[in-house]
Amino acid sequence: MKALSKQQMQTLEQRAVEEGIPYITLMERAGGAVAEYIVKHHNIIGRRIVILCGKGNNGGDGFATARHLEAEGATVIIALVDGLPKTDIAKETLSKIRQTKIQVFSIIDDEEFIYQLIQSADILVDCIFGIGFQGKMDERIMQVLETANLCGADKIAVDIPSGITCNNGAVESVCFKADVTITFTVMKTAQLLSPAKEYCGNVLVADVGIPPELVNQQEADIEVTEEWQIVSAFQPRRQDTNKGDYGRLLCVCGQEGMAGAAVMSGRAALRCGAGLVHMAVPQEIYPIVAGQLNEPVYTVLYKESLYKQLDKAMEKATACVIGCGLGTGFMSKEIVTYILTHFGHPIVVDADALNIVAENMELLENAKKSFILTPHPGEMARLLKTTVKDIQRHRLQIAREFAQKYGVTLVLKGSGTVIAAEQGKLSINLTGNAGMAKGGSGDILAGMIGSMLAQGVEPFEAARTAVYLHGKCGDNCAARLSQTAMLPTDMIEELPKLFLKFEK
């Protein structure tokens with residue numbers, strides 16, 4: 001599914017108008033879709049529905065919604081919280097209200113009465129700004145939104161909650177906190193980004209009749225990964241194959257006190273189907289890792305013969321994962337530098353390897369082959385010498401620019417993980433939950449990506465697929481065990497169920 005910026009959505013709507021669909025028709029259909037949802041999911045008889053309308057076209061959507069609801073027998077009140085409408089089609093839609101019994105009140109006439117209406121509402125519908133909000137509002141509307149958020153009504157936002165900047169998901173001050181957001185045609189960029197997504201509630205996409213071919217032709221800011229894409233890319237195994245047909249993954253992970261990172265990365269890689277997993281680990285943790293993972297082959301790393309051992313380990317590998325629990329000491333830096341400058345196949349650069357790269361960005365510029373970097377916001381901030389706040393505020397822009405500048409695939413982890421290709425393509429992942437915010441989750445993801453790379457999957461697709469499956473495993477664990485009690489290792493054991501589903 002595509003997610004569009006404000007400008008891209010406006011372009012799409014203009015193309016629909018040029019194809020013969022009047023803008024007011026789109027507005028009427030939008031209002032009908034909102035009303036249909038409310039009637040279907042709420043008992044409207046005997047309940048007060050208050051629609052907060054601004055002076056733009058989002059307000060026009062509210063006027064259309066009100067008429068459709070009244071036709072279903074609802075008691076509807078319109079609150080003009082920013083004065084009379086300013087756009088021609090919103091004016092035209094409001095004019096049709098005069099032919100109904102819908103009451104219309106303006107904040108200009110009686111501000112206190114508007115607050116009373118909000119407080120007495122059973123269902124509150126936000127049609128103040130929509131995607132046109134620019135990050136500033138006057139104090140009166142701020143008070144309206146604060147009052148709305150404190151009332152006990154069921155809250156529905158139309159297109160996007162008021163107070164959100166559409167293109168970057170910023171929330172500068174107060175914002176309508178919706179239980180449900182009904183958006184039109186496609187998702188909007190902000191609905192995928194924090195902090196905006198926390199204000200959207202459950203996002204539902206309503207069809208307002210823009211032809212699918214126009215949607216397909218529209219350039220998108222970002223793509224949302226969907227399960228059908230993952231399933232369609234899955235290739236069942238042929239009968240006449242052997243382990244050599246499914247790649248050889250080298251995992252250079254772990255140090256004393258961090259054996260678990262190596263174990264989790266290696267086990268996840270095995271569960272994702274790599275033909276052979278080769279673990280290269282320091283001698284201090286070899287007995288621990290080998291005692292828990294029987295399937296891999298092992299190289300035990302000694303300082304005295306380090307480069308010779310790495311050369312031998314890299315010789316047959318088709319992909320590499322480096323960094324999980326590796327540490328940032330002298331030997332770790334030697335290992336990371338050597339592999340990043342000598343290995344000729346794709347590499348997943350994770351965890352401590354990222355922190356080592358942050359100290360010497362030339363390692364990215366001198367790469368022999370494609371890299372997939374998997375930073376969380378803190379690691380990304382170290383790579384760019386900036387703050388986590390800045391990273392979170394500009395996630396899409398930062399991910400795209402970094403991937404293009406260094407010619408890498410970037411997996412910027414977090415709520416709504418962003419996957420950026422070196423050509424600038426962006427995908428965002430919606431699977432996953434807060435129960436995954438535990439040590440070890442990232443090690444598992446690195447092993448999953450590496451396993452797919454080893455099997456010959458192209459870097460961007462390997463990253464997108466692994467991130468989706470990683471989050472899906474987390475969701476399944478949360479449903480079975482709770483977000484509080486689930487463990488990263490539980491997620492690995494969900495992988496066989498997903499692959500069995502795909503194989504069938």
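Just so it is clear, the model here is predicted, and its values are computed rather than measured.
- Using modelled atom types and a 3.5 Å distance limit, the side chains of Asn167 and Gln7 yield a donor-acceptor pair.
- Remark: Phe133 engages Phe129 in a ring-ring contact (aromatic ring centres under 6.0 Å, His included) (not counting sequence neighbours).
- Sorted by first and then second residue, the salt bridge (Lys or Arg N to Asp or Glu O under 4.0 Å) pairs involving residues 387-413 (not counting sequence neighbours) are Glu172-Arg393, Asp350-Lys413.
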- request: May I have the step-by-step check of side-chain contact (heavy atoms from CB on, under 4.5 Å) for Leu364 and Phe371, ending in yes or no?
  value: CA-CA 8 Å; Leu364 296 185; Phe371 290 170; 3.5 Å; yes

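- Looking only at distances, a side-chain donor or acceptor of Asn58 sits under 3.5 Å from a matching main-chain atom of Val158.
- If you take CG on Leu430 and OG1 on Thr225, they are separated by 7.5 Å, rounding to the nearest 0.5 Å.
- The two atoms that bring Phe460 and Ser427 nearest to each other are CZ-CB, 3.7 Å, heavy atoms only.
- The CD1 atom of Ile107 sits 8.5 Å away from atom CG of Asp82, with the distance rounded to the nearest 0.5 Å.
- A distance of 12.5 Å separates CD of Glu379 from CG of Leu384, quoted to the nearest 0.5 Å.
- In this structure the side chain of Leu373 reaches within 4.5 angstrom of the side chain of Leu383, judged on heavy atoms.
- To the nearest 0.5 Å, atom CG of residue Asp61 and atom OG1 of residue Thr93 are 8.5 Å apart.
- Two residues are said to be in side-chain contact when any heavy atoms from C-beta on lie closer than 4.5 Å; Leu396 and Leu412 fail this criterion.
- Judged by distance alone, with hydrogens and angles left aside, the side-chain atoms of Asp122 form no donor-acceptor pair with the main-chain N or O of Ala153 at under 3.5 Å.
- At least one side-chain heavy atom of Asn57 sits under 4.5 Å from a side-chain heavy atom of Tyr23.
- When atom types are taken as modelled, the side chain of Lys438 and the backbone of Thr484 share a donor-acceptor pair closer than 3.5 angstrom.
- Residues that satisfy the ring-ring contact (aromatic ring centres under 6.0 Å, His included) test with His394, not counting sequence neighbours, are absent from this structure.
- Taken from SG in Cys200 to CG in Leu193, the straight-line distance is 9.5 Å, to the nearest 0.5 Å.
- Using a distance-only test at 3.5 Å, with no hydrogens or angles considered, a donor-acceptor pair links the side chain of Thr87 to the main chain of Ala90.
- Between the side chains of Ser451 and Gln455, at least one donor N or O sits under 3.5 Å from an acceptor N or O.
- Side-chain atoms of Thr189 and Leu4, non-hydrogen and from C-beta on, never get closer than 4.5 Å to each other.
- Sorted pairs that involve residues 127-138 and meet side-chain hydrogen bond (donor to acceptor under 3.5 Å, both in side chains), not counting sequence neighbours, are lacking altogether.
- Ionic pairing of Glu28 and Arg67 is present here: one or more N-O contacts between side-chain nitrogen and carboxylate oxygen are shorter than 4.0 angstrom.
- Remark: aromatic rings of Phe105 and Phe113 are close, center separation under 6.0 Å.
- Defined by atom type and a distance below 3.5 Å, a donor-acceptor pair is missing between the side-chain atoms of Gln14 and Thr11.
- Every residue was checked against the side chain to side chain donor-acceptor pair (under 3.5 Å) condition with Ser95, not counting sequence neighbours, and none meets it.
- Closest of all the heavy-atom pairs between Ala35 and His68 is CB-CB, 3.5 Å.
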task: Please assess Leu192 against Ile222 for the test side-chain contact (heavy atoms from CB on, under 4.5 Å), listing each intermediate value before the final yes or no.
output: CA-CA 10 Å; Leu192 306 173; Ile222 194 167; 3.9 Å; yes

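- Looking at residues two or more places apart in sequence or on another chain, you find no side chain to side chain donor-acceptor pair (under 3.5 Å) involving Thr465.
- Side chains of Gln404 and Glu422 form no contact here, defined as non-hydrogen atoms less than 4.5 Å apart.
- Judged as a ring-ring contact (aromatic ring centres under 6.0 Å, His included), and not counting sequence neighbours, the contacts of His41 are Tyr37.
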task: Evaluate side chain to side chain donor-acceptor pair (under 3.5 Å) for Ser194 paired with Glu198, printing each intermediate quantity in order.
output: CA-CA 7 Å; Ser194 293; Glu198 279 75 46; 3.3 Å; yes

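- Annotation for Leu124 and Ala148: closest pair CD2-CB, 3.5 Å, computed over non-hydrogen atoms.
- Applying the 6.0 Å contact sphere to CD of Glu362 captures no more than 12 heavy atoms from other residues, nucleotides or ligands.
- Annotation: side chain of Val411 is not in contact with side chain of Val348 (no heavy-atom distance under 4.5 Å).
- The number of heavy-atom neighbours closer than 6.0 Å to CD of Gln483, taken from other residues, nucleotides and ligands shown, is above 12.
- The distance between the ring centers of His470 and Tyr468 does not fall below 6.0 angstrom.
- Pairing each heavy atom of Asp207 with each of Gly209, the nearest pair is OD1-N, 2.8 Å.
- Put simply, the side chain of Gln229 gets close to the backbone of Glu226: a donor and an acceptor are under 3.5 Å apart.
- Listed by first then second residue, pairs satisfying salt bridge (Lys or Arg N to Asp or Glu O under 4.0 Å) with a partner in residues 450-476 read Glu223-Arg464, Glu227-Lys472, Glu461-Arg464, not counting sequence neighbours.
- Panel note: side chain Thr147, backbone Gln143; a donor-acceptor pair is recorded below 3.5 Å.
- To the nearest 0.5 Å, atoms CD (Glu72) and CD1 (Ile45) are separated by 9.0 Å.
- Residues passing the ring-ring contact (aromatic ring centres under 6.0 Å, His included) test with Tyr406, sequence neighbours excluded: Phe402.
- When all heavy atoms are compared, the tightest approach of Cys272 to Met452 is SG-CE, 4.3 Å.
- Using a 4.5 Å cut-off on side-chain heavy atoms (C-beta onward), Thr386 and Ile391 make contact.
- Other residues, nucleotides and ligands place no more than 12 heavy atoms under 6.0 Å from the CD atom of Glu139.
- Qualifying side chain to side chain donor-acceptor pair (under 3.5 Å) partners for Arg15, counting only residues two or more places apart in sequence or in other chains: Gln218.
- Not a single donor-acceptor pair under 3.5 Å links the side chain of Asp352 to the backbone N or O of Cys324.
- Counting only residues at least two apart or on different chains, the salt bridge (Lys or Arg N to Asp or Glu O under 4.0 Å) pairs with a member in residues 141-162 are Arg47-Asp154, Asp159-Lys188.
- Remark: the backbone N or O of Ile21 is not paired with any side-chain donor or acceptor of Thr25 at under 3.5 angstrom.
- Across Ile449 and Ala466, no two heavy atoms sit closer than the pair CG1-CB, 3.4 Å.
- Side-chain contact between Leu117 and Ile77 is present, with at least one heavy-atom pair separated by less than 4.5 Å.
- For the 3.5 Å distance criterion, the side chains of Gln119 and Tyr115 fail to qualify, holding no donor opposite an acceptor.
- Side-chain atoms of Glu494 do not come within 3.5 Å of backbone N or O of Gly474 as any donor-acceptor pair.
- By the side chain to side chain donor-acceptor pair (under 3.5 Å) test, Ser162 is found to be paired with Asp126, residues two or more places apart in sequence or in another chain being considered.
- Remark: the backbone N or O of Leu80 is not paired with any side-chain donor or acceptor of Lys55 at under 3.5 angstrom.
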